[in-house]
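The structure under discussion appears below in the form of structure tokens.
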Amino acid sequence: QVQLVESGGGLVQAGGSLRLSCAASGRTFSSYAMGWFRQAPGKEREFVAAISRNGGSTTASDSVKGRFTISRDNAKNTVYLQMNSLKPDDKAVYYCAAASTYCRGELPQEYDYWGQGTQVTVSS
């Protein structure tokens, strides 16, 4: 069974940067497409970004395009989310997820495994 553990969250000022990491267990990491979602208090979980199995294709939500970049290192069983120009509206718990099937990767139901999340707080 795949286990996912997020790290790298914290408190930053608006305009600052953070890099989130998601470490995956198991020997089949490269067989999964990976995604990042976020959830703010009182709101539904929303798509942030996704990346294909070999890292050749990525997608991102309109709200983060130009600011966030997803990447992966299959040799390290790790996926990253580089977040720049952070805004107060980016405050949320960020979740890493793994999908055994991949189309757009933008829907939570496409993913089979989820991490516990890491908190990102942005002060104004």
Side-chain angles (χ1 to χ4, degrees):
Q1 184 172 331
V2 176
Q3 292 179 298
L4 305 173
V5 181
E6 302 94 336
S7 62
L11 173 64
V12 298
Q13 294 183 338
S17 298
L18 283 174
R19 189 178 77 158
L20 306 184
S21 297
C22 174
S25 66
R27 302 176 181 176
T28 59
F29 177 73
S30 63
S31 68
Y32 292 93
M34 301 296 295
W36 286 97
F37 290 76
R38 66 187 183 185
Q39 188 167 23
K43 296 184 179 180
E44 295 295 313
R45 190 167 298 186
E46 68 171 337
F47 171 74
V48 176
I51 189 167
S52 61
R53 293 168 178 81
N54 63 0
S57 299
T58 63
T59 61
S61 68
D62 290 340
S63 63
V64 306
K65 285 181 180 177
R67 300 189 298 121
F68 293 8
T69 302
I70 189 171
S71 62
R72 68 190 296 163
D73 186 341
N74 286 351
K76 296 182 178 180
N77 279 17
T78 303
V79 63
Y80 305 95
L81 184 69
Q82 178 66 47
M83 305 186 295
N84 298 325
S85 301
L86 283 160
K87 306 174 181 179
D89 285 349
D90 295 320
K91 179 182 178 181
V93 176
Y94 283 71
Y95 297 90
C96 176
S100 59
T101 60
Y102 181 78
C103 185
R104 294 179 179 177
E106 300 177 3
L107 302 175
Q109 54 264 41
E110 295 182 64
Y111 293 85
D112 304 298
Y113 303 99
W114 294 82
Q116 293 299 306
T118 185
Q119 177 70 235
V120 172
T121 302
V122 184
S123 61
S124 60

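- Dense packing is recorded around CD of E46, with more than 12 heavy atoms of other residues, nucleotides or ligands lying under 6.0 Å away.
- A donor-acceptor contact shorter than 3.5 Å is absent between the side chain of T58 and the backbone of I70.
- In the hydrophobic cluster analysis, where Ile, Leu, Val, Met, Phe, Trp and Tyr join through side-chain heavy atoms closer than 4.5 angstrom, Y113 is grouped apart from F47.
- Follow the hydrophobic side-chain contacts under 4.5 Å out from W114 and you never reach Y80; the two are in separate clusters.
- Closest approach of Y111 to A50, counting heavy atoms only: OH-CB, 3.5 Å.
- For the residue pair A49 and L81, the shortest heavy atom distance occurs at CB-CD1, 4.3 Å.
- In this structure, S30 OG and R72 CZ are separated by 7.5 Å, a value rounded to the nearest 0.5 Å.
- E6 contributes a side-chain N or O that, together with a main-chain N or O of Q116, makes up a donor-acceptor pair within less than 3.5 Å.
- With contacts defined as side-chain heavy-atom distances shorter than 4.5 Å, the pair S100/Y32 qualifies.
- Side-chain polar atoms of N54 and S52 form a donor-acceptor pair below 3.5 angstrom.
- The distance from atom CG of N77 to atom OG1 of T28, rounded to the nearest 0.5 Å, is 8.5 Å.
- F29 and A24 make their closest contact through CD1-CB, 3.4 Å (heavy atoms, listed as atom of the first residue, atom of the second, distance).
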Can you give each donor-acceptor pair under 3.5 Å made by side-chain atoms of residues 86-97, sequence neighbours left out, with the distance rounded to 0.1 Å?
residue	atom	partner	partner atom	Å
D90	OD1	R38	NH1	2.9
D90	OD1	R67	NH2	3.1
D90	OD2	R67	NH1	2.8
D90	OD2	K87	N	2.8
Y94	OH	R38	NH1	2.9
Y94	OH	D90	O	2.7

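- Taken together through direct or relayed side-chain contacts under 4.5 Å among Ile, Leu, Val, Met, Phe, Trp and Tyr, F68 and V122 form part of one hydrophobic cluster.
- For the pair Q13/S123, a side-chain contact is recorded, criterion being any heavy-atom separation below 4.5 Å from C-beta on.
- At most 12 non-hydrogen atoms from other residues, nucleotides or ligands lie less than 6.0 angstrom from CD of Q3.
- Side-chain atoms of R19 do not come within 3.5 Å of backbone N or O of Q82 as any donor-acceptor pair.
- In terms of hydrophobic clustering, with Ile, Leu, Val, Met, Phe, Trp and Tyr side chains grouped at heavy-atom distances under 4.5 Å, V64 and F37 are assigned to different clusters.
- When all heavy atoms of L4 and C22 are compared, the pair lying nearest together is CB-SG, 3.9 Å.
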